[in-house]
There are 2 protein chains.
Amino acid sequence: MLYLVGLGLGDETDITLKGLEVVKKSARVYLEAYTSILLVDKTILESYYGREVILADREMVESSSDEILEGADTTDVAFLVVGDPFGATTHTDLVLRAREKSIPVRTVPNASIMSAIGATGLQLYHFGQTVSMVFFTDTWRPASFYDRIRENRSIGLHTLVLLDIKVKEQTVENIVMNRKIFEPPRYMTVGQCASQMLEIEEEKKEGVYDRESLAVGAARVGGADEKFVAGTLEELCGADEELGAPLHSLVLLGTATHELEHEFVREFALDKDNWDRIWKEKYAEKR
Amino acid sequence: MLYLVGLGLGDETDITLKGLEVVKKSARVYLEAYTSILLVDKTILESYYGREVILADREMVESSSDEILEGADTTDVAFLVVGDPFGATTHTDLVLRAREKSIPVRTVPNASIMSAIGATGLQLYHFGQTVSMVFFTDTWRPASFYDRIRENRSIGLHTLVLLDIKVKEQTVENIVMNRKIFEPPRYMTVGQCASQMLEIEEEKKEGVYDRESLAVGAARVGGADEKFVAGTLEELCGADEELGAPLHSLVLLGTATHELEHEFVREFALDKDNWDRIWKEKYAEKR
């Protein structure tokens with residue numbers, strides 16, 4: 001049996017009892033370590049589980065899945081995923097390859113940022129499609145998120161923006177030289193995300209949002225020190241210090257909001273007067 | 001401290017280790033038992049936790065929250081919620097009341113149907129706003145879901161439909177007579193949901209969807225015997241036996257689909273030829 005086990009969002013204690021039982025009984029335990037990260041190190045997981053954990057990077061999951069699936073028709077293999085196993089698309093692929101080999105698959109769900117973001121006080125019923133934001137480079141500034149946000153906002157919905165992480169990245173030089181030297185991991189912050197969003201709006205000028213659009217920055221959701229900061233996109237550009245360590249996410253508000261959401265979220269506002277003013281002018285009961 | 005603890009979706013072993021620790025140390029443990037249910041009984045939870053669990057019905061949470069919050073400024077109180085604590089809006093309200101009393105609040109997230117539904121193979125990035133479907137009566141047939149689905153479909157997105165549950169309901173006669181006699185619980189099935197959806201389309205005739213629209217029925221998501229059935233809305237009207245016991249949910253597909261979703265979901269199709277034909281005609285790469 002191939003088990004896809006969600007680890008939740010915080011630390012080693014966010015695994016479910018069902019998930020832990022699977023980890024303990026499996027012949028091999030893999031940890032998917034490139035679409036998201038826990039707030040704790042692999043060695044902490046290993047000592048908590050009492051098991052060796054094999055790090056599975058993108059290359060292994062996408063190109064060497066046979067290795068992961070080996071023997072899973074007769075023994076148990078656990079594939080651990082931060083959050084919920086079906087948050088990222090890569091794992092759908094792994095299940096399809098297991099199916100081809102007639103390997104049975106079971107999933108142990110867990111918290112995902114896509115539902116845990118409800119802790120902002122924004123109602124999950126009011127979210128449209130989730131988008132991703134990647135680190136821009138001089139030559140690569142993908143802006144499809146802009147069209148997705150436009151679609152969400154056209155029907156009044158909030159947008160959860162998931163932020164890029166870069167682990168085990170090589171410089172072009174090291175790739176060319178085939179040197180397995182990896183850059184330090186990078187995690188996009190709310191400030192970087194808000195500023196890239198404004199950059200694209202300034203370029204396109206289609207008014208999908210602006211500097212005064214309300215948003216919530218979230219850090220370490222589900223962890224003991226989770227932190228939320230609410231403000232305009234402009235205010236959030238400077239809120240990284242307030243938010244602290246990774247992982248960060250951002251929610252851009254839609255206008256289909258409920259008074260209860262306002263009451264809950266304003267508690268996190270950097271400038272409550274500003275928040276109230278903009279809410280009243282542009283958001284309250286606009287649906 | 002008030003702890004909102006998610007229980008996940010299946011049975012007593014779906015609580016996280018962090019959540020179980022909270023349950024064990026809390027002075028009182030409440031179980032919210034009206035927006036969703038676990039697949040196991042309260043007594044099983046009690047023996048698994050080694051703790052008494054107090055059932056909190058809607059009346060208690062909405063009108064007697066003071067009782068729940070009593071003493072939570074100096075001791076720990078656990079409020080258990082099936083799925084993730086922020087899936088339903090009621091609990092936002094409880095947090096706001098705790099804030100008023102300066103009671104600190106912490107959340108222990110867990111799997112929610114809103115993310116676990118990814119186990120259908122439909123990508124969470126392609127979901128629009130979630131809607132609810134209530135049991136229609138002769139005089140009450142709320143159809144706002146129809147407009148929300150239109151919005152989602154207008155931008156190509158899938159819609160998760162959460163199905164009504166009725167627990168501790170009284171007949172009108174028993175309410176009038178003030179008799180605390182409760183009807184047996186009822187859980188809406190995928191068949192009932194699909195048929196109510198078609199009923200409203202026939203009434204409104206606005207072409208938001210039709211009998212041939214593709215959908216996925218899901219039962220007991222996250223449980224050991226979770227079951228998915230894919231087909232047209234018409235086919236799903238008759239799929240309750242195939243799906244089995246509650247809880248059920250339904251996903252109406254949008255057209256912004258990916259070939260990988262097709263490959264994954266067709267495995268669940270009641271009639272694979274029909275599924276392939278409709279997919280090819282109306283869904284494949286329509287975005």
Self-check item: Greatest number of heavy atom pairs closer than 4.5 Å to chain B - which of A/Met114, A/Glu267, A/Arg106
Solution: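 Sorted descending by pairs with chain B, the first entry is A/Glu267.
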Quiz item: Hey, which of A/Gly121, A/Gly10, A/Gly83, A/Ala119 has the most heavy atom pairs under 4.5 Å with chain B?
Solution: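 Answer, by heavy-atom pair count under 4.5 Å with chain B: A/Ala119.
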Nearest atoms (heavy-atom pairs only) where [X] meets [Y]:
{"X": "A/Arg99", "Y": "B/Glu263", "result": "NH1-O, 3.7 Å"}
{"X": "A/Ser115", "Y": "B/Asn110", "result": "OG-O, 4.4 Å"}
{"X": "A/Pro109", "Y": "B/Ala111", "result": "CB-CB, 3.6 Å"}
{"X": "B/Asp14", "Y": "A/Thr16", "result": "O-CG2, 3.3 Å"}
{"X": "A/Ala116", "Y": "B/Asp84", "result": "CA-OD2, 4.3 Å"}

Practice problem: Could you grab the distance from atom OG1 of A/Thr130 to atom NE2 of B/His126, nearest 0.5 Å is fine? | Solution: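 If we round to the nearest 0.5 Å, A/Thr130:OG1 and B/His126:NE2 are 10.5 Å apart.
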Quick check on [X] against chain B: is it the side chain, the backbone, both or neither that has a heavy atom closer than 4.5 Å?
{"X": "A/Ile113", "value": "neither"}
{"X": "A/Ile117", "value": "neither"}
{"X": "A/Val221", "value": "neither"}
{"X": "A/Phe127", "value": "backbone"}

Practice problem: Look at atom CD of B/Glu21 and say whether more than 12 heavy atoms of other residues, nucleotides or ligands are closer to it than 6.0 Å. | Solution: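 It does not: B/Glu21 CD has 12 such atoms or fewer within range.
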Just so I know, are the side chains of [X] and [Y] near enough to count as touching, which here means a heavy-atom distance under 4.5 Å?
{"X": "A/Gln129", "Y": "B/Ile155", "result": "yes"}
{"X": "B/Leu122", "Y": "A/Phe86", "result": "no"}
{"X": "A/Tyr125", "Y": "B/Leu162", "result": "yes"}

Practice problem: Please step through side chain to side chain contact (heavy atoms under 4.5 Å, CB included) for the pair B/Lys18 and A/Asp11, ending with a clear verdict. | Solution: CA-CA 9 Å; B/Lys18 186 179 281 173; A/Asp11 59 34; 3.6 Å; yes
